[in-house]
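Only heavy atoms go into these numbers, but all of them, side chains included; no hydrogens, no water, no symmetry mates. Counting convention: from 1, in listed order, for ligands and their atoms alike. Numbering starts at 1 and runs along the sequence shown.
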Amino acid sequence: MKVLLMNCSPVRNGATAEITNIISNHLKRRYEVETVCIDDFDIAFCKGCRTCHQTVKCIISDDLDKVMELYEWADIIISVAPSYWADVPGQFKSFIDRCTPWCNTHEPHAALSHGKKGYSVALRTGPSMKECDRIIQSIEHFYGHLEIECSDKLGLCSIEFKEDVSGRINEINEFCNRI
Ligand SMILES: Cc1cc2nc3c(=O)[nH]c(=O)nc-3n(C[C@H](O)[C@H](O)[C@H](O)COP(=O)(O)O)c2cc1C
């Protein structure tokens, strides 16, 4: 099984990257894992022109297709996203918006192969799980319209820096055991 693991934060060495590394090290024992950071890619904002509703293709030419090739390659997609103002980071949201050609709310639309499983991990500094749930909902909404099956989730509160992750390794490993 092939796993695409995405650090959805623009920070390459922060708490999100630390959680992503723990998940990668755990899953590498069983699966082929490709880890990327949203900031590895140059993805412009969606212009909302809806041309893709007719053409099934975005008018902008950038790194979006590289990410979608990885989505197509993977059997399992894991998105790890911090809360930035109670939502996913803007870079990841831009990517989601640009996936409109693959979104099943309009015909015709492009489609990923069937049978992919999606997992969501949210983290935040504040103490309430409600905000993690909101992040997870955004990711699952996206998975749903790409017809990726929402399979499991993990919310981690009270994390600001990578040093805060060390006390949460058991929770992260338990999540990995369910993948
Ligand atoms: C721009 C920005 C906005 C943030 N907004 C929130 C927030 O609304 N709620 C919260 O609990 N944490 C918030 N945080 C804290 C991050 O969720 C937390 O520090 C997380 O560990 C960041 O991971 P990263 O450094 O890997 O991006 C924010 C952090 C940044 C940089």
Salt bridge flag under 4.0 Å for residues [X] and [Y]:
X     : Y     : result
Asp63 : Lys66 : yes
Asp65 : Lys57 : yes
Lys2  : Asp75 : no

Please work out whether the ring planes of Tyr119 and Phe175 are parallel, tilted or perpendicular, with thresholds of 30° and 60°.
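The arrangement is perpendicular - the two ring planes meet at more than 60°.
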Grab the two heavy atoms, one from Ile76 and one from Met1, that are nearest each other, plus how far apart they are.
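Ile76 and Met1 have their closest heavy atoms at CD1-CE, 4.1 Å.
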Closest approach of Ala44 to Asp62 (non-hydrogen atoms, all atoms of both residues)
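So the two residues come closest at N-OD2, 2.8 Å.
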To the nearest 0.1 Å, how far is [atom] from its closest protein heavy atom, and which atom is that?
atom                    : result
atom 19 (O) of ligand 1 : Glu160 O, 3.0 Å
atom 5 (N) of ligand 1  : Trp85 N, 2.8 Å
atom 8 (O) of ligand 1  : Ala86 N, 3.0 Å
atom 12 (N) of ligand 1 : Thr125 N, 3.4 Å

Check ligand 1 against [X] and write out every atom of the ligand that is under 4.0 Å from a heavy-atom position of the residue.
X      : result
Pro82  : 17 (O), 20 (C), 22 (C), 23 (O), 27 (O)
Leu123 : 17 (O), 20 (C), 21 (O)
Thr16  : 23 (O), 24 (P), 26 (O), 27 (O)
Ser9   : 24 (P), 26 (O), 27 (O)

Any nitrogen or oxygen of Ala17, main chain or side chain, under 3.5 Å from a nitrogen or oxygen of ligand 1?
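Min N/O separation from ligand 1 is not below 3.5 Å for Ala17.
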Say whether Val11, considering both its backbone and side-chain N or O atoms, lies within less than 3.5 Å of an N or O atom on ligand 1.
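So ligand 1 has no N or O lying under 3.5 Å from an N or O of Val11.
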Using atom types as modelled and distance alone, determine if a side-chain donor or acceptor of Tyr143 lies under 3.5 Å from a backbone N or O of Ser151.
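Side chain of Tyr143 to backbone of Ser151: no pair is present.
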Location of contacts on Ala15 toward ligand 1, heavy atoms closer than 4.0 Å
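Both of them.
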Compute whether any side-chain donor of one residue and acceptor of the other, for His145 and Asn104, lie under 3.5 angstrom apart.
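Checked: His145/Asn104 side chains pair up, N/O donor to acceptor below 3.5 Å.
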Applying salt bridge (charged side-chain N to carboxylate O under 4.0 Å, His left out) to Asp40 and Arg12, what does each step give before you reach the verdict?
CA-CA 9 Å; Asp40 296 341; Arg12 291 164 186 277; 2.7 Å; yes
Which of these, Arg124, Arg12, Arg134, Glu131, has its nearest heavy atom closest to atom 9 (N) of ligand 1?
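Minimum heavy-atom distance to atom 9 (N) of ligand 1 goes to Glu131.
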Nearest to atom 16 (C) of ligand 1 by heavy atom, Ser83, Ser128, Pro127: which?
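Comparing heavy atoms across Ser83, Ser128, Pro127, the nearest one to atom 16 (C) of ligand 1 lies in Ser83.
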